[in-house]
A.B. asks: 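My structure is below; once you've seen it, I'll send some questions.
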Amino acid sequence: MDLNRVNALLADWGEPAYRRRQVADAAYRGLAASWDDVSVLPRALRARLAEAEPLAQLEVTGVQRAADGTIKAGLRTRDGFPVEAVAMRHRNRRTVCVSSQSGCPLACTFCATGAMGLGRNLSAGEISEQVVALARLLREQGERASNVVMMGMGEPFLNYDAVLAACRTLNDPGGFGLGARQIAISTAGWVPGIERLTTEPMQVKLALSLHAPNDELRTTLMPVTRRFPLARVMAACRSYREATRRRIFVEYLLLDGVNDSDQLAGELAGLLGRDGGFHVNLIAYNPTASEYRASPPQRVAAFAAQLARRGIPASYRRSHGQDIDAACGQLAVSGAAELRRRRRRRTAPVPPVSR
Ligand code: SAH
């Protein structure tokens, strides 16, 4: 559900103000899946809400659990678009990785979601609800969602308003109640989004998927570079840092023989500068249908050493849930076929809500 919409409805219907609290408590603390289960609300109001704004609008189509504790949920919107969300375990944290779009139009050559194209933007309710769906699965094993990253399917800044509205609901102490710093948005370098985030009062974290230090190489990996060359991306990042005083997390996927040479590490260091404004996360490539291979461990170590020598803080991010295609860039390995079917059926009527 969209919390703003429900609050507006309650006001329209002349419901007392405390209903808002009851609804948010039931949805984000109780993790209720249907208005029928929210017994503090009068029966007639539950029915009215169910009609106007169903509480759970994403149907869970499948749940997979990996050996390392990663949980992946396959979900489906009411009009049939596939969505995926993942919960990962890092020490005592449980990070939920959510999708901002069904599919993605940016076509990064190493990413499975990129290969499927764009289905549609998700609504704010559909984005925050992925966290609730995973929180329900985590609760079954006595765990809680502690962090959220917008790093699932899609480019968050192509769906800016819905993504930020979802972040506000997740951050709202009367909503899901996560700290703003526990929420991160990851972008492929969509400059207008970086610029808007710069002026946002909420202090969510920003991550930039860089993957190459020059336009020529980056264009072969991320065609979005043609639209927004690195000079513009880096200028937007610098303004963001000056305005917010927050550092930016740079993601750099290491592809064997493609972007992992010592020379490129030096070039990357030069691009980022040594003022400590960036932290580089080196990421292992997770196999998709593309022809790339992950860099071997010695290469990863040498690349990291080059960055360290140039004073750039870097860490190596282990991959999660590879065995269930839940790792970065592997989402939608299964969703792609569904999205193709969905596109063929585009003229079909909207299916009823399934429970
Ligand atoms: N569009 C946003 C968020 C989604 S992608 C972005 O580009 O940041 C989340 C991260 O997964 C990005 O850093 C992306 O480059 C990375 N990724 C995509 N495919 C991958 C793969 N096959 N292996 C490892 N990481 C991948």
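Small disclaimer: the values here were computed from a predicted structure and weren't measured. In this chain, residues are counted from 1 in sequence order.
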A.B. asks: Answer with yes or no whether the side chains of Q101 and N121 bring together a donor and an acceptor at under 3.5 Å.
C.D. replies: yes
A.B. asks: Identify, with sequence neighbours excluded, every residue that meets side chain to side chain contact (heavy atoms under 4.5 Å, CB included) alongside S315.
C.D. replies: H279, N281
A.B. asks: Does atom CZ of R139 have more than 12 heavy-atom neighbours, drawn from other residues, nucleotides or ligands, at distances under 6.0 Å?
C.D. replies: yes
A.B. asks: Between H211, E216, R218, R232, which is the residue that forms a side chain to side chain donor-acceptor pair (under 3.5 Å) with T225?
C.D. replies: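 So, applying the side chain to side chain donor-acceptor pair (under 3.5 Å) to T225 and each of H211, E216, R218, R232, only R218 qualifies.
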A.B. asks: If you compare all heavy atoms of V163 against all heavy atoms of S100, which two are closest, and at what distance to 0.1 Å?
C.D. replies: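 Smallest interatomic distance, heavy atoms only, reads CG2-CB, 3.7 Å.
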A.B. asks: Considering all heavy atoms of both residues, which atom of C108 and which atom of P223 are nearest to each other, and what is their separation?
C.D. replies: CA-CD, 4.1 Å
A.B. asks: Do R181 and Q203 have side-chain N/O donor and acceptor atoms under 3.5 Å apart?
C.D. replies: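 The answer is yes; a qualifying pair exists.
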A.B. asks: Pairing donors with acceptors under 3.5 angstrom, does anything connect the side chains of E200 and Y160?
C.D. replies: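 Their side chains do contain a donor-acceptor pair, which is all the 3.5 Å distance test asks for.
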A.B. asks: Quick check on side-chain contact (heavy atoms from CB on, under 4.5 Å): which of N147, V148, V86 does T95 satisfy it with?
C.D. replies: N147
A.B. asks: Apply the test side chain to side chain contact (heavy atoms under 4.5 Å, CB included) to residues L217 and N259: give CA-CA distance (whole Å), side-chain angles for both, the deciding distance (0.1 Å), then the verdict.
C.D. replies: CA-CA 8 Å; L217 176 59; N259 65 353; 3.9 Å; yes
A.B. asks: Which heavy atom of A112 sits nearest to which heavy atom of T288, and what is that distance?
C.D. replies: N-CG2, 3.9 Å
A.B. asks: Taking only residues two or more places apart in sequence or in another chain, which ones pass side chain to side chain contact (heavy atoms under 4.5 Å, CB included) with S123?
C.D. replies: E126
A.B. asks: Grouping I, L, V, M, F, W and Y whenever their side-chain heavy atoms are under 4.5 Å apart, do F249 and I185 come out in a common cluster?
C.D. replies: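 No, no single cluster joins them.
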A.B. asks: Linking I/L/V/M/F/W/Y whenever their side-chain heavy atoms sit closer than 4.5 Å, directly or via other members, would L254 and L271 fall into one cluster?
C.D. replies: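 L254 clusters together with L271.
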A.B. asks: Compute whether any side-chain donor of one residue and acceptor of the other, for Y292 and T109, lie under 3.5 angstrom apart.
C.D. replies: yes
A.B. asks: Less than 6.0 angstrom separating the ring centers of F303 and Y252, yes or no?
C.D. replies: yes
A.B. asks: Where is the tightest heavy-atom contact between A269 and R310, given as atom of each residue plus distance?
C.D. replies: CB-CB, 3.5 Å
A.B. asks: Would you name the heavy atoms of L134 and I71 that are closest together and state the gap between them?
C.D. replies: CD1-O, 4.0 Å
A.B. asks: Tell me whether the NZ or CZ atom of R241 lies within the 45° cone about the ring axis of F278 and under 6.0 Å from its centre.
C.D. replies: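 Flagged: R241 positioned over aromatic ring of F278.
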A.B. asks: Return the minimal non-hydrogen interatomic distance between M1 and A27, and the atom names on each side.
C.D. replies: CE-CB, 3.4 Å
A.B. asks: Consider side-chain contact (heavy atoms from CB on, under 4.5 Å). Of V23, V40, L10, V38, which one does L45 pass it with?
C.D. replies: L10
A.B. asks: Name the residue from R89, R136, R93 that meets the salt bridge (Lys or Arg N to Asp or Glu O under 4.0 Å) definition with E143.
C.D. replies: R89
A.B. asks: Could you grab the distance from atom OH of Y285 to atom CZ of F110, nearest 0.5 Å is fine?
C.D. replies: 9.0 Å
A.B. asks: With a cut-off of 6.0 Å (strictly less than), are more than 12 heavy atoms of other residues, nucleotides or ligands near CZ of R29?
C.D. replies: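 Check passes, neighbour count above 12.
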A.B. asks: In Å, rounded to the nearest 0.5 Å, how long is the span from OG1 of T219 to CZ of R227?
C.D. replies: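 These two atoms lie 14.0 Å from each other.
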A.B. asks: Which pairs with one or both residues in residues 7-18 pass side-chain hydrogen bond (donor to acceptor under 3.5 Å, both in side chains), sequence neighbours excluded?
C.D. replies: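 Only E15-R19 qualify under side-chain hydrogen bond (donor to acceptor under 3.5 Å, both in side chains).
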A.B. asks: Just checking, any donor-acceptor pair under 3.5 angstrom between side chains of Q182 and S146?
C.D. replies: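 Side-chain D/A pair, Q182 to S146: absent.
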A.B. asks: Can you tell me if S186 and E251 form a side-chain donor-acceptor pair at under 3.5 Å?
C.D. replies: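 Looking only at side-chain atoms, E251 and S186 do form a donor-acceptor pair, the distance falling under 3.5 Å.
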